[in-house]
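Everything below concerns the one structure shown next.
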Number of protein chains: 2
Amino acid sequence: MKVSLEAMRASDPEFLTADCPHRLLLDHVTSKWGVLIVAALADGTMRWGELRRAVDGISEKMLATTLRTFEADGLVSRHAYPEIPPRVEYTLTPLGQELAEAMGPLMEWVGTNAAIVGR
Amino acid sequence: MKVSLEAMRASDPEFLTADCPHRLLLDHVTSKWGVLIVAALADGTMRWGELRRAVDGISEKMLATTLRTFEADGLVSRHAYPEIPPRVEYTLTPLGQELAEAMGPLMEWVGTNAAIVGR
DNA sequence: CTGGATCCTAGAGGATACTG
DNA sequence: CAGTATCCTCTAGGATCCAG
């Protein structure tokens with residue numbers, strides 16, 4: 001399947017024009033860490049610490065803010081258990097799982113073509 | 001198809017770890033304007049001016065630098081015609097077209113789910 | 001028409017310390 | 001363990017002017 005801005009704009013003329021909601025959502029999910037967090041959570045529910053380790057190099061701040069953005073977007077759900085020590089789990093919502101599947105081909109492409117990248 | 005960091009790392013343990021080439025390539029193609037440029041070019045060869053109009057809101061600087069990055073990555077090819085006034089056309093390479101196809105599902109997902117986005 | 005060259009800024013992102 | 005709070009850096013990106 002191809003992308004085709006033209007085709008998408010045939011049904012919605014505002015598709016990916018400046019300041020449209022599509023742009024905002026696209027910026028969220030293609031953010032530096034957003035892609036990696038979704039990819040990590042695609043494997044299933046994870047705790048904060050697991051996620052931090054799975055997404056190599058992420059700072060605590062960016063993990064927190066990206067997760068909050070995704071929660072607000074309804075892509076990730078958070079469940080905190082009232083225990084000592086605390087345990088908090090993050091899971092993709094059904095919508096988030098759709099996203100994970102939609103990103104599958106892109107991730108595969110990156111996986112097989114990383115060698116080509118120039119500086 | 002799901003993404004699954006785990007699965008990808010089974011074959012390549014370095015997959016999407018910090019400073020790996022995958023990260024670099026991913027940053028290129030998921031950059032703010034990169035996605036939109038690939039999407040626009042997926043419809044076929046375009047001239048500089050067309051591209052500028054198709055990618056609503058892009059500055060000349062970012063159009064130029066993103067195109068140069070993609071050229072260096074082998075995703076886009078540039079052809080300048082020695083005419084007055086100048087005409088320059090940009091086309092996706094075969095590799096770029098693969099990328100465009102890989103991004104298809106993501107674009108569709110964004111198209112159908114933009115309403116959900118929070119601020 | 002297709003850019004290159006400059007200058008500038010907002011905000012993404014990082015480092016560190018601290019807390020329930 | 002799972003975060004918040006601060007402060008700071010840096011660069012992606014924008015605005016503008018200029019040129020072949």
Side-chain angles (χ1 to χ4, degrees), chain A residues 16-19 23-38 40-41 45-73 76-91 117-119, chain B residues 16-19 23-38 40-41 45-73 76-91 117-119:
Chain A
L16 288 181
T17 53
D19 302 323
R23 280 276 182 94
L24 196 56
L25 181 57
L26 192 61
D27 284 350
H28 287 183
V29 305
T30 64
S31 69
K32 182 176 176 64
W33 300 111
V35 181
L36 301 176
I37 288 179
V38 170
L41 286 178
T45 296
M46 296 186 82
R47 304 181 54 165
W48 167 275
E50 288 179 300
L51 211 38
R52 190 160 170 24
R53 265 170 276 120
V55 180
D56 191 36
I58 196 171
S59 67
E60 298 190 340
K61 176 184 173 183
M62 289 318 296
L63 181 54
T65 68
T66 308
L67 282 173
R68 267 190 267 114
T69 300
F70 282 170
E71 245 194 293
D73 291 342
V76 166
S77 65
R78 188 191 111 113
H79 195 308
Y81 299 85
E83 309 172 352
I84 305 285
R87 177 165 57 106
V88 180
E89 295 185 339
Y90 295 89
T91 316
V117 72
R119 249 101 260 275
Chain B
L16 288 180
T17 53
D19 302 323
R23 280 276 182 95
L24 196 57
L25 181 56
L26 192 62
D27 285 349
H28 288 183
V29 305
T30 64
S31 69
K32 181 176 177 63
W33 300 111
V35 182
L36 301 176
I37 289 180
V38 170
L41 287 178
T45 297
M46 295 186 84
R47 301 182 53 166
W48 168 275
E50 289 179 298
L51 212 37
R52 189 158 168 31
R53 264 170 277 121
V55 181
D56 191 36
I58 195 172
S59 68
E60 298 190 340
K61 178 186 172 183
M62 288 318 296
L63 182 53
T65 66
T66 309
L67 282 173
R68 266 190 269 114
T69 301
F70 282 171
E71 245 194 293
D73 291 341
V76 166
S77 65
R78 189 190 112 113
H79 194 307
Y81 298 85
E83 308 172 352
I84 305 285
R87 178 165 56 106
V88 180
E89 295 185 341
Y90 295 89
T91 315
V117 71
R119 250 102 259 276

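Keep in mind that what you see is a predicted model, and the values were worked out from it rather than measured. Sequence lines set the chain letters: A, B, ... in the order given, protein chains first and strands last, and positions in each chain run from 1.
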[N] [atom2] sits how many Å from [X] [atom1], rounded?
X     : N      : atom1 : atom2 : answer
A:I37 : C:dG13 : CD1   : P     : 10 Å
A:R52 : D:dT4  : CZ    : P     : 13 Å
B:K32 : D:dA12 : NZ    : P     : 14 Å
B:W48 : C:dC1  : CH2   : P     : 12 Å
A:I84 : D:dG3  : CD1   : C1'   : 13 Å
B:L67 : C:dG4  : CG    : C1'   : 14 Å
A:E71 : D:dG3  : CD    : C1'   : 13 Å
B:D27 : D:dT11 : CG    : P     : 13 Å

> Within the side chain of B:S31, is there an N or O that forms a donor-acceptor pair under 3.5 Å with the backbone of B:H28?
Replying inline: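 Present.
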> Counting distance only, does the side-chain N/O of B:D56 pair as donor-acceptor with the main-chain N or O of A:A18 below 3.5 Å?
Replying inline: yes
> When you match B:W33 and A:G49 each to their closest nucleotide on DNA chain D, which lands nearer the 5' end?
Replying inline: A:G49
[X] versus [Y]: any side-chain heavy-atom pair under 4.5 Å?
X     : Y     : answer
B:R87 : B:W48 : no
B:H79 : B:T91 : no
A:V29 : A:V38 : no
B:W33 : B:M62 : yes

> CG of A:L36 to CZ of B:R23: how many Å apart, nearest 0.5 Å?
Replying inline: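 Here the rounded value is 5.0 Å.
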> CG of A:D19 to CG of A:L24: how many Å apart, nearest 0.5 Å?
Replying inline: 9.5 Å
>> At less than 4.0 Å, is any side-chain N or O atom of B:R47 found next to OP1 or OP2 of C:dC1? Yes or no.
In response: no
> Can a side chain N or O of A:R68 be found less than 4.0 Å away from OP1 or OP2 on D:dT4?
Replying inline: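 Yes, such a contact exists.
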>> Tell me the bend of the helix from C:dC1-D:dG20 to C:dG20-D:dC1 as the angle between end helix axes, each from five pairs, rounded to the nearest 10 degrees.
In response: 50°
> When all nucleic acid strands are considered with a 4.0 Å heavy-atom cut-off, which category describes A:Y81: base, sugar-phosphate, or nothing?
Replying inline: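 Result for A:Y81 = nothing.
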> Are B:E50 and B:R52 ion-paired here, with the side-chain N under 4.0 Å from a carboxylate O?
Replying inline: no
> Taking protein heavy atoms under 4.0 Å as touching, what does nucleotides 15-20 of chain D look like 5' to 3' if B marks base contact, S marks sugar-phosphate-only contact and - marks none?
Replying inline: B----B
